[in-house]
S.K.: 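Have a look at this one.
Within every chain, numbering begins at 1; the chains are lettered A, B, ... in the order of the sequence lines, protein sequences first and strands thereafter.
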There are 2 protein chains.
Amino acid sequence: MAEDARDRLARLHGEMRERICLMDWAPGTRLSEEGIAAEYGVSRTPIRRVLARLEDEGLVQSLHGIGTMVTDPGAEELAQTYALREELAELVGRLSPVEVGAAQRAEMAGFRAQGEALAQAPEARSFARLNMAYFAFGLSLTGNAVLREVAERLYYRTARVWLRQIAALDLAEECAVFLAELRETERALSAGDAMAAALVRRAHISMSVRRLMAAGAAGRAVD
Amino acid sequence: MAEDARDRLARLHGEMRERICLMDWAPGTRLSEEGIAAEYGVSRTPIRRVLARLEDEGLVQSLHGIGTMVTDPGAEELAQTYALREELAELVGRLSPVEVGAAQRAEMAGFRAQGEALAQAPEARSFARLNMAYFAFGLSLTGNAVLREVAERLYYRTARVWLRQIAALDLAEECAVFLAELRETERALSAGDAMAAALVRRAHISMSVRRLMAAGAAGRAVD
DNA sequence: TGCATAGTAGTTGTGCACAACAAGGCCGCG
DNA sequence: CGCGGCCTTGTTGTGCACAACTACTATGCA
């Protein structure tokens, strides 16, 4: 079997979401339905289906007669999203935490190793990709699928802004802090303590937000 | 100005969602895109746009060549959703709680009055509508729009199952319990304590889940 | 009678043409 | 020179026809 239409849309959605979150399509960018359709070799219809979902997720906004733009969350919305993300991060350790086994520890060690490599050669895009993959791993520590879905939704909503601000901050320092988080989490998982890992995550989200907010709204796309 | 296309879709979405949550379209029902389109006097296109959103929200599922069916969440998914809803209910009181003023107290008194009327003449559909409106009021007690959005999403995902189970339980007793919750919450809001109101809400969700689960999966639609 | 198979009806997914709409440029008029 | 209206261009929204796919039924054959 080649590929189900359902899977094709999911793949399209994932790719377009990544282009937004990695700032290939920065906030404010006007997307062309026809252009994207031509690029993927399909008609506007399935692209519109994906854009509709991205709009429901808050990543883009379509205006009749004007265009479809990548949204740029305001400071208030960002603060509210992060506030909720902090709570959800803690819930990952409290609601149906999985039993930490050898598989989790091995995967965690892999992330720590990648984190060390990144800290030696800081680079924004690699950082963003690793952060994304590590976030997914963190979610795998809860058995609550609904929580995973909601937390993922909110993560992708903040990812592009995080990446933009990271580039404005001291990239090397951010990578170093990230590596520290990875090491702390590895310690928690080695002890089999998923709740501790969740608390480490929450603490680092909290501190990350502080640094981001301190950097201010510099670099916000003009409307 | 007549109506924006955006608003029309939002209205369609709201109406169709209500038909699902009030069990006009019970779980398992096969929806006809063409039928709905004819009913609303539009083509399949905007209906498909709305159905796509409902599918992303988990209320319906479309299968190529088969049809679009109202989903019937399994016990596991329900449990996970309610577990998260409990936590979010508490967060309403913790994240950016609004200052409780005369307006909130007046609205709350209105709900309590409607609750008393309902308790005198229990009726499932009225109960569901009142519960829905009261839930929206509860969300208005937090200034965190993201939290409101997520909590609302999860509420509508459980509403239809709740209504089905309520009908199977002792309806009069459920209405009485609901009235008790309204009175407790009114007391909390009179004291200006939004956090207390949130905790009352959480407690009642928790107890409601217990009763629902105890009633078991009787009445589940067969696949 | 049992069963495989082709056919048929009904559904969602896709492509395409056109309508609805907004922004900017251009021309004519005061 | 200023400016108001028109027009042109580009975009998203809608309708419609057809393709892709599934379930069911009838039919012919052993």
S.K.: Will you find, in the side chains of B:S206 and B:R201, an N or O donor that is under 3.5 Å from an N or O acceptor?
M.R.: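 Their side chains do not contain a donor-acceptor pair, so the 3.5 Å distance test is not met.
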S.K.: Side chain of B:P46 only, please: which of D:dG13, D:dT11, D:dG15 is the nearest?
M.R.: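 The nucleotide sitting nearest to the side chain is D:dG15.
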S.K.: Determine whether a donor-acceptor pair (one donor, one acceptor, N or O, separation below 3.5 Å) exists between the side chain of B:T45 and the base of D:dG13.
M.R.: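 Checked by distance alone, the answer is no.
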S.K.: Which whole-number value in Å describes the distance from B:I47 CD1 to C:dT12 P?
M.R.: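 So the two atoms are 12 Å apart, to the nearest Å.
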S.K.: Give every pair of a protein N or O atom and an N or O atom of nucleotides 19-26 of chain D that lie under 3.5 Å apart, one pair per line with the distance.
M.R.:
residue, atom, partner, partner atom, Å
D:dA20, N3, B:H64, NE2, 3.1

S.K.: Would you indicate what A:E33 reaches in the nucleic acid, counting non-hydrogen atoms under 4.0 angstrom: base, sugar-phosphate, or nothing?
M.R.: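 Sugar-phosphate contact only - A:E33 comes under 4.0 Å of backbone atoms but never of a base.
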S.K.: Indicate whether the side chain of A:T158 and that of A:R85 have a donor and an acceptor atom separated by less than 3.5 Å.
M.R.: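 On atom types as modelled, these side chains qualify, holding a pair under 3.5 Å.
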S.K.: OH of B:Y40 versus P of D:dT14: gap in Å, rounded?
M.R.: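 Whole-Å distance recorded here is 15 Å.
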S.K.: For the side chain of B:R44 and the base of C:dG13, is some donor closer than 3.5 Å to an acceptor across the two?
M.R.: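 Yes, a donor-acceptor pair under 3.5 Å.
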S.K.: Any ion pair linking A:D170 and A:R211 (charged N to carboxylate O, less than 4.0 Å)?
M.R.: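 Looking at A:R211 and A:D170, the cut-off is not met.
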S.K.: Can you tell me how far P of C:dT11 sits from CD of B:E34, to the nearest Å?
M.R.: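 Distance check: B:E34 CD to C:dT11 P gives 8 Å.
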S.K.: Using whole Å, report how far CG of A:L63 lies from P of D:dG13.
M.R.: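 Rounding to the nearest Å, CG of A:L63 and P of D:dG13 are 8 Å apart.
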S.K.: Does D:dT11 have OP1 or OP2 under 4.0 Å away from a side-chain N or O of A:S62?
M.R.: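 A:S62 to D:dT11 OP1/OP2: no side-chain N or O under 4.0 Å.
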S.K.: Take atom CE of A:M69 and atom P of C:dA22, then tell me their distance rounded to the nearest Å.
M.R.: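 In whole Å, C:dA22 P lies 13 Å from A:M69 CE.
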S.K.: For B:Y82 together with B:W162, are the ring centres under 6.0 Å from each other?
M.R.: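 For B:W162 and B:Y82, the ring centres are not under 6.0 Å apart.
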S.K.: Is a side-chain donor-acceptor pair under 3.5 Å present for B:T68 with B:R48?
M.R.: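 Distance-only check fails for B:R48 and B:T68.
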S.K.: If you look at every strand shown and take non-hydrogen atoms under 4.0 Å, does B:L31 touch a base, only sugar-phosphate, or nothing?
M.R.: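 Sugar-phosphate, backbone atoms only, no base.
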S.K.: With a cut-off of under 6.0 Å to the ring centre and 45° to the axis, is B:R17 in cation-pi contact with B:Y156?
M.R.: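 Verdict for B:Y156: a cation-pi partner in B:R17.
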S.K.: Kindly say if B:R30 contacts the phosphate of C:dT12, meaning a side-chain N or O under 4.0 Å from OP1 or OP2.
M.R.: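 False: B:R30 side-chain N/O out of range (4.0 Å or more) of C:dT12 OP1/OP2.
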S.K.: From CG of B:D7 over to P of D:dG13, roughly how many Å is that when rounded to an integer?
M.R.: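 Result: 13 Å.
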S.K.: Specify the separation, in whole Å, of atom CD1 of B:I36 and atom C1' of C:dT11.
M.R.: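 Checked: the CD1 to C1' distance equals 13 Å.
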S.K.: Using a cut-off of less than 4.0 Å, is there contact between a side-chain N or O of A:R48 and OP1 or OP2 of D:dT14?
M.R.: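 False: A:R48 side-chain N/O out of range (4.0 Å or more) of D:dT14 OP1/OP2.
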S.K.: B:H13 and side chain to side chain donor-acceptor pair (under 3.5 Å): which partner among B:R8, B:E57, B:R49, B:E18?
M.R.: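 Single side chain to side chain donor-acceptor pair (under 3.5 Å) partner of B:H13 among B:R8, B:E57, B:R49, B:E18: B:E57.
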S.K.: For the pair made of CD in A:Q61 and P in D:dG13, what is the distance, rounded to whole Å?
M.R.: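 Distance, rounded to whole Å: 11 Å.
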